[in-house]
Amino acid sequence: MEKLIVQGGKRLHGSVNISGSKNASLPILAAALLTDEPIRISRVPDVSDTNYMIQILSQLGASVERSSGTVRIESPDGISSMASYEQVRKMRASICLLGPMMARMHRCTLPLPGGCVIGDRPVDLHLRAIQSLGARVRVKGGNMIIEAPNGLVGTTIDMRGENGPTVLGTDNLMMAAVLAHGTTVIESAAREPEVVDLANFLIRMGARIEGAGSRTITIHGVERLHGCDHTVIPDRIEAGTFMVAAAMMGDKEKGVRLNRICREHMTVISDLLVECGHSVKYNDAGTSAVVKPATEPKGGKIVTAPYSGYPTDMQAQMTALFALTPGLSVVKDTIFPQRFMHCAELGRMGANIKVDSGTAVISGVEALSGAPVRASDLRASAALVLAALAAEGETEIRRLHHIDRGYELLDDKLLMLGADVRRAPDVNNCDCD
Ligand code: EPU
């Protein structure tokens, strides 16, 4: 185990390159199983979640090579239809193997993902979708055994759950439907840019998909897909995290420049920062932005919602910013109402946050003070790093593996911006929950 030691109070300056999207890369890597021809995917971030996915693909029998952000995958006929619990338990997103495995082999055995610190995270919608395409699902020994001996057949499916559309559920259904007989219509589909990136990748492979990015996606099944090259979209959540870092600790005159971003995907994130008084100026192409802190920051209100609403994956980072913003701010997470583990840790640093029924009420304080804190999940860890950058004194963030799941070279990038951060082995870590 490692920890991150942050000496707070250093102003950030210069520029940072945003990596490719983790959440777009994961289903795209899984979709490589849909063909036996070579696939080349560029700008795959080197984070532990993409590494887990690559390990699973290799374990299934695909040959995978990775070098400097590019992953080359070839999945010959005869790949295994059984994923091992040891690999899958490391990452909930491994559920997105379900669609491509069912499309390619018409059967698969996948360990049921367990609970998760950010909420229950059921997979009922994924299973309902694959059943609608004609598959049978059994649960035995902790595994989902899914079979469609006569192949998958297209139909119309409404993917809306109690908390809105599902991102990986939409991905799974789209990947299952591309090789199904006939036409599949996904109603209440997720509209996230990562879903659109997956659809564009599948279209490059020869799939016939219309409407990705809207609430209704239509997929006409084809006989086979072929190899292709694809470049993953920029990571809007990593970009948002650096925008918040710049709003909290950026140089007041020059700010921080973020490169390799996509303005269209960032609108709701940067609009909120601007409403709170911070400055976000994009270049004409919308591929880079300079973010400067407000002279008189204002609090705000977030209600998370499916895209194009405010992303649940950014609420923890904004909570860290609101902790140091005068006045009251409110953060309500409608997608994962239990996703507030970071608030108690921010409290150890002096933040004044009350959490009740999926809502955090944050009363801004003048200063936070460094403290030993524990990361509980990916975005919670990001919030703690942001708070630590602004806090007085030293913060030690334990259980750093959470941040390594989704932020490529975070400490190197922060060092380049002038932060005082270093990694160290965590010999005293007590991993009690
Ligand atoms: N849901 C169900 N049943 C299902 C599936 C989902 O009830 O079968 C519920 C969930 O419990 C949640 C809502 O539907 O309340 C939306 O969850 P969704 O399925 O969209 O989440 P996901 O696809 O499993 C992806 C991201 C998450 C991100 C969510 C929401 C990936 C790999 N993960 O998860 O990212 O929070 O969408 O936008 O794409 C992260 O990067 O830190 C992360 C957790």
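For the single chain, residues carry numbers from 1 onward in sequence order. Order of listing sets the numbers, starting from 1, for every ligand and every atom in it.
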Could you tell me which non-hydrogen atom of [X] sits nearest to which non-hydrogen atom of [Y], and how far apart they are?
{"X": "Ala207", "Y": "Val178", "answer": "CB-CG1, 3.5 Å"}
{"X": "Gly227", "Y": "Thr35", "answer": "N-OG1, 4.1 Å"}
{"X": "Gly206", "Y": "Leu225", "answer": "C-CD2, 3.6 Å"}
{"X": "Glu74", "Y": "Asp36", "answer": "CG-O, 3.8 Å"}

Ligand 1 N/O within reach of [X] N/O, cut-off under 3.5 Å:
{"X": "Leu168", "value": "yes"}
{"X": "Pro122", "value": "yes"}
{"X": "Thr312", "value": "no"}
{"X": "Ile335", "value": "yes"}
{"X": "Phe336", "value": "no"}
{"X": "Lys22", "value": "yes"}

Quick one: do [X] and [Y] make a salt bridge, cutoff under 4.0 Å?
{"X": "Arg423", "Y": "Asp404", "answer": "yes"}
{"X": "Glu187", "Y": "Arg160", "answer": "no"}
{"X": "Arg399", "Y": "Asp377", "answer": "no"}
{"X": "Lys22", "Y": "Glu408", "answer": "no"}

Ser42 side chain reached by Val232 side chain, heavy atoms, under 4.5 Å: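 SC-SC contact between Val232 and Ser42 ruled out.
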Any Glu194 side-chain heavy atom under 4.5 Å of Pro27 side chain: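 The answer is no; the side chains never approach within 4.5 Å.
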Interfacing atoms of ligand 1 (cut-off 4.0 Å, heavy-atom, Ala93):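 Counting from 1, the qualifying ligand atoms are 32 (C).
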Backbone, side chain, both or neither: what part of [X] comes under 4.0 angstrom of ligand 1, heavy atoms only?
{"X": "Met53", "value": "neither"}
{"X": "Asp124", "value": "both"}
{"X": "Arg379", "value": "side chain"}
{"X": "Leu378", "value": "side chain"}

Identity of the nearest option to atom 8 (O) of ligand 1, non-hydrogen atoms only, from Leu125, Thr170, Val195: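 The residue whose heavy atom sits nearest atom 8 (O) of ligand 1 is Leu125.
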Option with minimal heavy-atom separation from atom 14 (O) of ligand 1, where the choices are Asp49, Asn172, Leu127, Asn163: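 Result: the heavy atom closest to atom 14 (O) of ligand 1 is in Asn163.
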Contact with ligand 1 for Arg339, non-hydrogen, under 4.0 angstrom: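 Flag set, Arg339 near ligand 1.
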Ligand 1 contact by Glu194, heavy-atom criterion under 4.0 angstrom: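 No; Glu194 lies far enough from ligand 1 that no heavy-atom distance drops under 4.0 Å.
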